[in-house]
Amino acid sequence: MQNAALARQFDQIAAYLELAGDSIFKIRAYREAASAIADYPGPIEDADLKAIEGLGAATMAKSREWFKTGKIRVLEELKAQYPAGLLEVMRVPGLGPKKVQLLWKEKDIDSLAKLQAALDANELDKVAGFGPKTRDNLKTALRRLGELTARTPLPDATNTATKILIALAQVAPDTHIEIAGSVRRGADTVGNINFVASSDTPAPLLDAFAALPLFEAVLTRDETSIKARLHDGVEAELVVAPPSRFGTQLWFSTGSRAHIEGIEAPPAFASEREVYAHLNADYIPAELREGRDEWQLARAHSLPKLIETSDIRGDIHTHSTWSDGVASIRQMAQAMSERGYAYFAVCDHSKALAMTNGLDAFRVREQAHEIAEVQADFPHLKIFRGIECDIMRDGSMDLDDEVLSELDFVVGSVHSAFNLPLVEQTDRIIRAIRNPHVDLIGHPTGRVLGIRPPYDVDVPALIEAAKETGCCLEINASERLDLKDDYARATREAGVLLCINTDAHGPRMLPNMSFGVATARRAGCEAKHVLNTKSLDEMLAWMGKRK
DNA sequence: GCCGTTTTCGGCCCGACTGTTTTCAGTCG
C-alpha cells in the first residue's frame, strides 16, 4: 500500500510550485490529486487510475513514473532548483512565496536558522517590504513556530506508531507489542514514541526495529532496548521485557512521570492489572495517569467509567462538497452508515468564509433538498441539517436568525480576526453562545496543533456563558484537539455538555474521532458528559427542549 | 493541472486584513 507515499510526492510538488509562484489552480490540482490518492480505499499501485476523480493525464503519467522508477522527474528538478529549507521558511506565518523568494535572493536566507540570524543581526532593515512591524511580527512568529513544532501532534504520532507496529508485526508476528508513553495516554502532543514488547529473546526484535526503513538513524542500544530517530526527527524507543515482567514495564513506559513519582517501584508482573492490584488500586486507564487525583480515586474505587469511541452515536460537525469538503453528502452518509452511526449533521461553512464557497441563505435552503434526497436512501441514518456558521468580529452570526432557526444544528466558529484582545475575543464568542440558535461552539480556542496557537480567549468565561444558555462546547477531534483536555475537564465539571466532532472534510477523517475521545477521557468524561453519545431519540428530545 | 464542453479553451477561489506603500501587494482563512 503506497498511497500515502505517492500522495506525499504530489503534496511536495504542490509546495514547491507554491514557492515558485505558480498558478494557484495548478497547485490545487496537485493537492487534490494527492488527496484522491490518499483517500483511495485500496492499494493505489493496483488501481485503475483513470477511474479516480482528481487524477488527469499529467498526474497519472507521474504516478506511473513513480511506480516504475521510485522518482518523479519534475519533483527532482524542483528539489534541485530550491533548497529544501525554503519550504520550512514558507511555514512562518506572514511569509508567503513572494517574501520568501525576496529573502532568498537578496539575503541568501534558505533556512529558519538563517532567518533567525538575519533578524537578530538587524539585516532585514533594508529589504523592501520588511518594515519594523513586519520584522517584529516575524520574530514572534518564529518563536511560536519553534514552540509549536517542538512536539508532534497526537494524530501524526499515532499514525507513525501504528506504521511501526505494523512493520514490526511483519517481522515478529507472534510477539506482543504495545504502544506506551504519551501516545498511549492520548496527550495532545508527543515528544517521542514508546513501545514495549514481550519476549525472552530481545536481540532479534531489536535488530528488526533497527532495520526498519522508517528510521534515519539508531541513537542508542543496549541488551533490552533501542532508540532510533525517524526521518522527521521524532524519536522512537522500544523496550523488550520478558513476559513475566511485561505489565510492570508497560506501566513504567506509559508513565507519566507525575503518575509514577512517589510510588514504590512494583515487582515484576505480567499485566498492568496486577501492578495496580499490588498497589491497592483499581486499574487506572492510561489517559488518567497524569498525577492529578487518579490514585485517590483508584484507591477509593471511584474512578469514572470513561467514555469509549464505541459510545459515540454520530458526528455533528462535518463538511461536504457544498463548501470545502472533498466528498458529497451521499458519500459522507455512506461513510457514516459504515461506521454504524445513528445520525450525523452536515455542517458546511457559511458565506463569510468565501474561500470555502460558504453557503448563503439561498444555498442553505437548496442544500435541504439534497439532504432530503439522500436521506430517502438511508433509512437507518438520520441526516441533520446544520451549518458551521462564522462568528463575525462583533459576535453576530454570519447568517440571519431566520435561516438559523430552520436548521437542526448550528455550530458557531471563529475563522477570522484571531488577534483580537482577550476581552473583545471573549465577548465576541459569548455573544454567539447567547444566540439561542447556536447549539455548539466549534473549536473554541482556534488552535491547530503544530500550525497555529490558540487565540487569546477566557475559556472559563465561555464555560460560564454556556452553562447559562445550554450551549455545548466542542472537542474538535481533528488536528486541533480543541478544547484541550484541561478545558474539557473544566467544562465537564461545570456541568456543560461537550460534543466530540471530527470536523471531517472527507470520509478519511472520520476515524479521527478516537483522538477526540482520548481528549475527553483525559478530561475524565463519561458517556453522559458528551452530547453525541445520545441515541437518536434522546438527541431529538434534547433538540426539542432547546427550541 | 483538471474538468467539461455551446469540445480543446476558459473557468476554477473570494474577501478582508496588514503594513507599507504614497495607492496597493502580499498573506491568510
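In what follows, every heavy atom counts, from backbone to side chain, and hydrogens, waters and symmetry copies are set aside. Numbers restart at 1 for each chain; the letters A, B, ... are given by sequence-line order, proteins then strands.
Between A:Leu102 atom CG and B:dT20 atom C1' the separation is 14 Å, expressed in whole Å. The separation between A:His415 atom NE2 and B:dC17 atom P is 16 Å, rounded to whole Å. The separation between A:Leu124 atom CG and B:dG19 atom P is 17 Å, rounded to whole Å. Rounded to whole angstrom, the span from the CG atom of A:Asn137 across to the C1' atom of B:dC28 amounts to 14 Å. Whole-Å rounding puts the A:Lys26 NZ to B:dC2 C1' distance at 12 Å. With rounding to whole Å, A:Ile52 atom CD1 is found 16 Å from B:dG1 atom C1'. In this structure, A:Tyr30 atom OH and B:dC3 atom P are separated by 13 Å, rounded to whole Å. Here B:dT27 presents its P atom at 10 Å from CD of A:Gln101, a figure rounded to the nearest Å.
Taking the ring axis of A:Phe418 as reference, the NZ or CZ atom of A:Arg452 stays within 45° of it and closer than 6.0 Å to the ring centre. For the pair A:Lys99 and A:Phe130, the cation sits on the ring face: its NZ or CZ lies under 6.0 Å from the ring centre, inside 45° of the axis.
Comparing the C1' positions of B:dC13 and B:dC2 gives an interatomic distance of 15 Å, to the nearest angstrom. Across the C1' atoms, B:dG10 and B:dA16 are found 27 Å apart, a figure rounded to whole Å. Taking the C1' atom of each, B:dT6 and B:dG11 are spaced 15 Å apart, rounded to whole Å. Between the P atoms of B:dT21 and B:dT27, the separation comes to 15 Å (whole Å). Of the P atoms belonging to B:dT7 and B:dG15, the separation is 29 Å, rounded to the nearest Å. Only the C1' atoms considered, B:dT23 is 15 Å distant from B:dT18, to the nearest whole Å.
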Within the sub-3.5 Å range, which N or O atoms of nucleotides 9-16 of chain B have a protein N or O partner, and how far apart are they?
unit_1, atom_1, unit_2, atom_2, d
B:dC13, O2, A:Arg28, NH1, 2.8

Give each protein N/O atom lying under 3.5 Å from an N/O atom of nucleotides 24-26 of chain B, with the pair distance.
none

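Using a 4.0 Å heavy-atom criterion, one finds that A:Val448 contacts no nucleic acid atom at all. Counting non-hydrogen atoms under 4.0 angstrom, A:Ala417 reaches nothing in the nucleic acid.
Checking A:Glu474 against A:Asn501 by side-chain atom types alone, a donor-acceptor pair falls below 3.5 Å. For the 3.5 Å distance criterion, the side chains of A:Asp503 and A:His319 qualify, holding a donor opposite an acceptor.
Distances shown here put every side-chain N or O of A:Arg31 at or beyond 4.0 Å from the OP1 or OP2 atom of B:dG1. Note on A:Asn419: a side-chain N or O is less than 4.0 Å away from OP1 or OP2 of B:dT18. Distances shorter than 4.0 Å separate none of the side-chain N or O atoms of A:Thr134 from OP1 or OP2 on B:dT18.
Within the 4.5 Å cutoff, side-chain heavy atoms of A:Arg447 are placed close to those of A:Leu449.
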Side chain to side chain contact (heavy atoms under 4.5 Å, CB included) assessment of A:Gln12 paired with A:Tyr30: CA-CA 9 Å; A:Gln12 282 189 351; A:Tyr30 275 114; over 6 Å; no
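A:Phe409 and A:Trp542 have parallel rings, their planes meeting at less than 30° on a 0 to 90° scale where 60° marks the start of perpendicular.
Position along DNA chain B of the nearest nucleotide to A:Lys133 versus A:Arg91 favours A:Lys133 as the more 5'-ward residue.
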